[in-house]
Amino acid sequence: MTAMMIQLTPAAEQKLKDKIGSQPGSIRLINDSEGCGCVMSAVPGLRVIQHPEEDDFKLESDGSISFYMSRRHEVFFEEALKLDVNPVGHTFRLSSQSQTYSTNVQTVDSRS
């Protein structure tokens, strides 16, 4: 199995650091199908987490933030991803060489 990689722009890394804040945390990339009715209609999302879940694996990253993903979401994403800030909505833009997954990736802090 090839390792998955997520490249962060400096703006994206800073925005994530601001969202994580001073508490310990990392980021989980998800394929959010809640309320969609179908997993194929799901949208990518980012969750600030305290600890990875049992079936999570770590993505390679060129930044200082740790990224995780559930093994069951791996099929929805390409092996090399790029995360940038969308300057219009101040959200995130997730893309790969062949597609844009979303220009409005939402971040939710799910630490307790």
Side-chain angles (χ1 to χ4, degrees):
M1 178 182 295
T2 305
M4 290 187 70
M5 167 75 178
I6 188 159
Q7 175 190 7
L8 303 175
T9 64
E13 184 169 13
Q14 186 58 54
K15 188 169 178 70
L16 285 174
K17 283 181 180 180
D18 292 346
K19 289 197 174 284
I20 292 171
S22 60
Q23 299 179 48
S26 52
I27 302 293
R28 177 184 292 128
L29 174 62
I30 64 166
N31 190 51
D32 189 2
S33 61
E34 195 167 311
C36 292
C38 173
V39 73
M40 298 311 289
S41 299
V43 294
L46 300 172
R47 298 292 179 263
V48 181
I49 58 171
Q50 193 162 0
H51 303 288
E53 292 184 3
E54 190 173 308
D55 74 332
D56 285 353
F57 67 96
K58 190 171 186 177
L59 281 70
E60 291 183 22
S61 173
D62 59 352
S64 61
I65 298 170
S66 295
F67 274 82
Y68 295 92
M69 180 190 301
S70 169
R71 292 248 174 244
R72 67 180 189 272
H73 292 184
E74 184 177 12
V75 68
F76 299 108
F77 299 100
E78 293 178 47
E79 293 174 356
L81 302 170
K82 181 178 180 181
L83 189 67
D84 197 359
V85 173
N86 179 354
V88 176
H90 303 290
T91 56
F92 291 98
R93 178 183 190 275
L94 183 67
S95 62
S96 67
Q97 282 192 332
S98 63
Q99 68 178 309
T100 297
Y101 289 93
S102 177
T103 58
N104 190 29
V105 179
Q106 301 295 312
T107 307
V108 174
D109 192 336
S110 50
R111 296 174 289 188
S112 48

Output the distance between atom [atom1] ([X]) and atom [atom2] ([Y]), rounded to the nearest 0.5 Å.
| X | Y | atom1 | atom2 | value |
| --- | --- | --- | --- | --- |
| Glu74 | Asp56 | CD | CG | 11.5 Å |
| Thr107 | Lys15 | OG1 | NZ | 7.0 Å |
| Met69 | Glu53 | CE | CD | 13.5 Å |
| His73 | Met4 | NE2 | CE | 11.5 Å |

[X]-[Y] co-clustered via ILVMFWY side chain contacts under 4.5 Å:
| X | Y | result |
| --- | --- | --- |
| Tyr68 | Leu46 | no |
| Phe57 | Phe77 | yes |
| Met5 | Val75 | no |
| Ile30 | Ile49 | no |

Exercise for the section: Any chance you could lay out the side chain to side chain contact (heavy atoms under 4.5 Å, CB included) test for Lys19 and Asp109, step after step, and finish with the verdict? Expected result: CA-CA 8 Å; Lys19 289 197 174 284; Asp109 192 336; over 6 Å; no

Practice task
Search all heavy atoms of Tyr101 against all heavy atoms of Phe76 and return the closest pair with its distance.
Solution key: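 Tyr101 and Phe76 have their closest heavy atoms at CE2-O, 3.5 Å.
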
Practice task
For residues Arg47 and Ser110, report the shortest heavy-atom separation together with the two atoms involved.
Solution key: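 In this case the closest contact between Arg47 and Ser110 is CB-OG, 3.7 Å.
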
Within-4.5 Å side-chain heavy-atom neighbours: [X] and [Y]:
| X | Y | result |
| --- | --- | --- |
| Leu29 | Leu81 | yes |
| Ile27 | Val48 | yes |
| Ile20 | Arg111 | yes |
| Glu78 | Gln99 | yes |
| Leu94 | Pro44 | yes |

Problem - Inter- and intrachain pairs under salt bridge (Lys or Arg N to Asp or Glu O under 4.0 Å), touching residues 93-108, at least two apart - result: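 Non-adjacent pairs meeting salt bridge (Lys or Arg N to Asp or Glu O under 4.0 Å): zero.
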
Ignoring hydrogens and angles, write down the donor-acceptor pairs under 3.5 Å from the side chains of residues 60-67, residues two or more places apart or on other chains.
residue	atom	partner	partner atom	Å
Ser61	OG	Gly63	N	3.1
Asp62	OD1	Leu8	N	3.0
Ser64	OG	Glu13	OE2	2.7
Ser64	OG	Lys17	NZ	3.4

Handout entry: Side chain Asn86, main chain Thr103, donor-acceptor under 3.5 Å
Key =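 The answer is yes, because a donor-acceptor pair under 3.5 Å joins these two groups.
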
Handout entry: With Thr9 via side chain to side chain contact (heavy atoms under 4.5 Å, CB included) - residues at least two apart
Key =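 For Thr9, the residues satisfying side chain to side chain contact (heavy atoms under 4.5 Å, CB included) (neighbours in sequence not counted) are Ala11, Ala12, Lys82, Asp84.
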
